[in-house]
Enquirer: 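So that we are looking at the same thing, I have put the structure below in structure tokens.
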Amino acid sequence: MTGNKAKQNRWTIHQLISDYGYSYRDLEPLVGYSASMICRLLKGERRLRSRHKTRFAQVFNMDEKNIIWPIK
């Protein structure tokens, strides 16, 4: 039962940003990266590393394993 619930609670990073009503400019001070860097990370133009995922996950108060990340 627990495994199914975890799968149902998975969101893409883009869904989370939209649901929270954030723009990339809003995320700048929260994650510590410029809006252009956030854009490149989330478009797959830059490699999304574990440290990046951790910062985004903290903003949304989620475990990074419950977020579906873009693939480079």
Side-chain angles (χ1 to χ4, degrees):
M1 187 72 135
T2 309
N4 289 338
K5 188 173 183 181
K7 287 184 180 180
Q8 291 172 353
N9 290 334
R10 294 193 69 191
W11 301 90
T12 67
I13 188 67
H14 298 289
Q15 287 173 323
L16 288 169
I17 292 169
S18 176
D19 287 350
Y20 277 74
Y22 287 144
S23 67
Y24 291 164
R25 291 266 179 225
D26 296 332
L27 286 172
E28 274 183 312
L30 301 174
V31 295
Y33 302 121
S34 69
S36 61
M37 177 65 159
I38 294 168
C39 181
R40 283 180 284 199
L41 286 168
L42 299 182
K43 280 179 141 182
E45 294 174 2
R46 297 278 310 246
R47 181 171 294 182
L48 195 58
R49 300 190 184 275
S50 180
R51 66 178 179 260
H52 302 129
K53 293 177 183 180
T54 300
R55 287 189 180 181
F56 282 105
Q58 288 172 344
V59 169
F60 298 109
N61 197 27
M62 294 183 74
D63 188 284
E64 65 184 73
K65 294 175 186 171
N66 290 336
I67 300 174
I68 301 169
W69 301 98
I71 299 171
K72 178 168 166 85

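Please read these numbers as outputs of a predicted model, since none were measured by experiment.
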Enquirer: How far apart are the C-alpha atoms of I17 and L42, what are their side-chain angles, what is the distance that settles it, and do they pass the side-chain contact (heavy atoms from CB on, under 4.5 Å) test?
Expert: CA-CA 11 Å; I17 292 169; L42 299 182; 3.5 Å; yes

Enquirer: According to side chain to side chain donor-acceptor pair (under 3.5 Å), who are the partners of Q58, at least two apart in sequence or on a separate chain?
Expert: none

Enquirer: If you measure from OH on Y33 to CZ on R51, what distance do you get to the nearest 0.5 Å?
Expert: 6.0 Å

Enquirer: Please list all pairs passing the salt bridge (charged side-chain N to carboxylate O under 4.0 Å, His left out) test where one or both residues lie in residues 54-66, with sequence neighbours left out.
Expert: none

Enquirer: Would you mind reporting whether I67 and F56 have side-chain heavy atoms less than 4.5 Å apart?
Expert: no

Enquirer: First locate atom CG of L41, then atom CD1 of I13, and finally report the distance between them rounded to the nearest 0.5 Å.
Expert: 10.5 Å

Enquirer: So how far is it from S36 OG to R46 CZ, rounded to the nearest 0.5 Å?
Expert: 9.5 Å

Enquirer: Determine whether L30 and I38 fall in the same hydrophobic cluster, where Ile, Leu, Val, Met, Phe, Trp and Tyr are linked whenever their side-chain heavy atoms lie under 4.5 Å apart.
Expert: yes

Enquirer: What residues, two or more places apart in sequence or in another chain, satisfy side-chain contact (heavy atoms from CB on, under 4.5 Å) together with N61?
Expert: none

Enquirer: List for me each residue that meets side-chain contact (heavy atoms from CB on, under 4.5 Å) alongside Y20, sequence neighbours excluded, and say none if there are none.
Expert: L16, Y22, F60

Enquirer: With sequence neighbours left out, write down each residue that passes side chain to side chain donor-acceptor pair (under 3.5 Å) with S50, or none if nothing qualifies.
Expert: none

Enquirer: List for me each residue that meets ring pair (Phe, Tyr, Trp, His ring centres under 6.0 Å) alongside Y24, sequence neighbours excluded, and say none if there are none.
Expert: none

Enquirer: Who are the side chain to side chain donor-acceptor pair (under 3.5 Å) partners of S18, not counting sequence neighbours?
Expert: none

Enquirer: Could you work out, with salt bridge (charged side-chain N to carboxylate O under 4.0 Å, His left out) as the rule, every residue matching E28, not counting sequence neighbours?
Expert: R25

